[in-house]
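Order of appearance sets the numbers: ligands from 1, and atoms from 1 within every ligand. As the structure is a computational prediction, the values presented were derived from the model and not from experiment. Computed over heavy atoms, backbone and side chain alike; hydrogens, waters and symmetry mates excluded.
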Amino acid sequence: MGLLDGKTALVTGGATGIGLASAVRLAAEGAHVFITGRRKIELDAAVEVIGSAATAVIGDISNLADLDVLYDAIRSRGRGLDVLFANAAVAEFVTLEHVSEEHFDTLFGINVRGTLFTVQKALPLLNDGASVILNGSTNMDVGAEAFGVYAATKAASRSFSRTWANELKGRGIRVNTITPGPTDTPGLSGLAPDADAAAGLKQQLATHVPLGRLGRPEEIAAAVAFLASEQSSFITGSSLYVDGGLNQI
Ligand SMILES: NC(=O)c1ccc[n+]([C@@H]2O[C@H](COP(=O)([O-])OP(=O)(O)OC[C@H]3O[C@@H](n4cnc5c(N)ncnc54)[C@H](OP(=O)(O)O)[C@@H]3O)[C@@H](O)[C@H]2O)c1
């Protein structure tokens with residue numbers, strides 16, 4: 001018996017990194033998992049990895065028409081939606097003096113606006129008792145240089161999870177934030193200009209983590225599965241840190 005037998009889940013940004021590991025884990029727990037992202041090749045490869053319990057729908061969460069296509073696909077399966085992991089986001093290092101309108105609009109457009117409409121448009125499909133999980137970041141609590149706009153998007157997302165937990169409690173829908181510390185993903189590598197710089201960045205980030213290493217996507221996915229399931233039935237409006245102790249000690 002899996003924790004999510006017979007359930008339907010959606011993981012945005014489910015083709016790579018934390019999203020892919022979470023989709024794999026939710027499927028292993030018995031859920032049928034929809035994944036979405038903007039790149040077809042990555043989505044197809046992810047479906048190969050996840051297996052027959054996966055359905056990929058190409059789309060951009062900051063495009064409301066794409067969200068309609070995604071939710072039409074889930075609706076046509078006829079079982080509603082039990083788990084929504086709003087994971088898709090983008091990041092980029094930019095100090096205040098170099099923040100452009102494009103940087104601000106892209107990060108807020110995807111991480112904040114996209115996350116809001118991902119959840120808003122899911123509301124008619126969410127079954128009573130569903131679990132909504134937003135992906136935060138330890139950066140939302142701290143003032144890491146050159147990460148101001150990204151951190152602000154994650155603080156906004158954390159705020160959403162509190163409000164939405166309150167607004168959806170009447171339907172038994174729980175809303176929580178998962179808060180990863182630095183985790184070894186393509187997204188983290190992509191913050192650096194090349195492979196050598198990425199290795200250096202990861203090494204430097206690991207020195208700040210009390211457990212002395214980066215997280216693995218599977219470790220974040222395990223916590224996502226917990227929040228998705230009845231195992232966390234008395235947890236809502238919370239932030240679950242999976243950060244090797246980074247923001248704790
Ligand atoms: N890795 C870390 O250290 C870390 C730490 C804390 C929090 N997080 C959070 O974890 C989440 C996943 O990040 P990751 O590290 O796993 O990075 P990743 O490997 O780059 O995964 C992000 C995924 O989101 C998708 N995506 C981005 N923009 C999208 C959009 N507009 N519409 C649909 N899909 C979109 C990407 O696919 P396409 O480009 O194909 O669309 C990609 O598959 C993010 O919310 C990130 O902020 C990561």
Side-chain angles (χ1 to χ4, degrees), residues 10-25 34-47 49-50 54 56-67 69-71 84-93 105-118 121 133-142 144 147 149-158 160-161 177-192 198 201-202 204-206 208-209 213-221 223-224 239-244 246-247:
L10 165 64
V11 180
T12 66
T16 62
I18 291 168
L20 174 59
S22 299
V24 167
R25 180 62 188 264
F34 286 83
I35 58 172
T36 193
R38 297 167 297 180
R39 291 168 298 170
K40 184 168 175 7
I41 291 172
E42 277 72 10
L43 284 171
D44 289 345
V47 169
V49 172
I50 303 164
V57 181
I58 194 163
D60 180 338
I61 61 156
S62 66
N63 180 323
L64 271 55
D66 284 0
L67 287 174
V69 170
L70 169 65
Y71 287 123
L84 166 53
F85 182 27
N87 163 74
V90 288
E92 199 185 354
F93 287 133
D105 290 346
T106 299
L107 267 65
F108 269 81
I110 294 173
N111 302 5
V112 180
R113 183 178 180 277
T115 296
L116 185 148
F117 288 108
T118 296
K121 285 182 172 285
I133 303 156
L134 309 186
N135 203 332
S137 166
T138 46
N139 286 287
M140 72 193 184
D141 298 333
V142 298
F147 235 28
V149 174
Y150 173 75
T153 67
K154 292 299 184 174
S157 167
R158 171 70 185 108
F160 283 157
S161 69
T177 293
I178 187 102
T179 305
T183 306
D184 196 354
T185 66
L188 184 65
S189 301
L191 288 171
L201 172 67
K202 290 178 191 180
Q204 188 236 329
L205 289 171
H208 298 292
V209 178
R213 62 174 175 83
L214 301 186
R216 296 186 295 273
E218 297 74 23
E219 294 175 304
I220 315 302
V224 169
S239 172
L240 176 54
Y241 285 79
V242 190
D243 68 350
L246 180 62
N247 282 22

From Phe85 CZ over to Ile18 CD1, what is the distance, rounded to the nearest 0.5 angstrom? 6.5 Å

Look only at the side chain of Asn87 and the backbone of Val11, and say whether a donor-acceptor pair between them is shorter than 3.5 Å. no

Please list the nearest protein heavy atom to atom 40 (O) of ligand 1 with its residue and the distance rounded to 0.1 Å. Arg39 NE, 2.6 Å

Under 4.0 Å between heavy atoms, the region of Glu42 that gets near ligand 1 turns out to be neither

I'd like to check which ligand 1 atoms, numbered from 1 as shown, lie under 4.0 Å from a non-hydrogen atom of Val90. 27 (C), 28 (N)

Please list, in number order, the atoms of ligand 1 under 4.0 Å from a heavy atom of Ala89. 27 (C), 44 (C), 45 (O), 47 (O)

Residue Gly59 vicinity, atoms of ligand 1 by number, heavy atom under 4.0 Å: 32 (N), 33 (C)

Check: Arg25 side chain, Glu218 main-chain N or O, donor-acceptor pair, under 3.5 Å: no

Could you list the atoms of ligand 1 found under 4.0 angstrom from a heavy atom of Gly17? 16 (O), 19 (O)

Got the closest protein heavy atom to atom 32 (N) of ligand 1, with its distance? Ile61 N, 2.9 Å

Heavy-atom contact check, 4.0 Å cutoff: does Pro186 meet ligand 1? yes

Atom indices of ligand 1, in the order listed, that fall short of 4.0 Å to a heavy atom of Asp60: 30 (C), 31 (N), 32 (N)

In the protein, what heavy atom is nearest to atom 25 (C) of ligand 1, and what distance, to one decimal place, separates them? Gly13 CA, 3.5 Å

Taking Gly181's backbone N and O only, do any of them form a donor-acceptor pair with Thr183's side chain (distance below 3.5 Å, no angle check)? yes

Identify the closest protein heavy atom to atom 46 (C) of ligand 1: which residue and atom is it, and at what distance? Tyr150 OH, 3.6 Å

Give a yes/no on ligand 1: does Gly215 have at least one heavy atom closer than 4.0 angstrom to it? no

Considering heavy atoms of the protein only, find what lies nearest to atom 7 (C) of ligand 1 and give residue, atom and distance to 0.1 Å. Gly136 O, 3.2 Å

Identity of the nearest option to atom 48 (C) of ligand 1, non-hydrogen atoms only, from Thr183, Asp243, Thr138, Ile18: Ile18

Output yes when a side-chain donor or acceptor of Thr185 lies under 3.5 Å from a complementary backbone atom of Gly187, and no otherwise. yes

Using distance alone, determine whether Gly187 and ligand 1 share an N or O pair under 3.5 Å. yes

With atoms numbered from 1 as shown, which atoms in ligand 1 lie under 4.0 angstrom from a non-hydrogen atom of Pro182? 3 (O)

Examine distances only and state if a side-chain atom of Asn111 and a backbone atom of Val90 form a donor-acceptor pair shorter than 3.5 Å. yes

Could you list the atoms of ligand 1 found under 4.0 angstrom from a heavy atom of Ala88? 24 (O), 26 (N), 34 (N), 35 (C)

Could you tell me the residue and atom name of the protein heavy atom closest to atom 6 (C) of ligand 1, and the distance to it rounded to 0.1 Å? Pro180 O, 3.3 Å

Closest to atom 14 (P) of ligand 1 among Asn135, Thr179, Thr185 (heavy-atom distance): Thr185

Could you identify the single nearest non-hydrogen protein atom to atom 29 (C) of ligand 1 and state the distance to 0.1 Å? Arg38 NE, 3.5 Å

Atom 43 (O) of ligand 1 - nearest protein heavy atom and its distance: Thr16 OG1, 2.7 Å

Can a side-chain donor-acceptor contact be found between Lys202 and Ser189 if the only test is distance below 3.5 angstrom? yes

Under 3.5 Å, N or O to N or O, is Asn87 touching ligand 1 that way? yes

Verify, without hydrogens or angle tests, whether Ser157 (side chain) and Gly136 (backbone) share a donor-acceptor contact under 3.5 angstrom. no

Does Pro217 have a heavy atom less than 4.0 Å from any atom of ligand 1? no

Polar side-chain atom of Asp243 near backbone of Pro180 as donor-acceptor pair, under 3.5 Å: no

Ignoring hydrogens and geometry beyond distance, is a side-chain donor-acceptor pair present between Arg158 and Ser161 at under 3.5 Å? yes

Taking all non-hydrogen atoms of both residues into account, name the closest pair between Ala88 and Thr12 and its distance. N-OG1, 3.0 Å

In ligand 1, the atoms that come under 4.0 Å of a heavy atom of Gly37 are 33 (C), 34 (N), 41 (O)

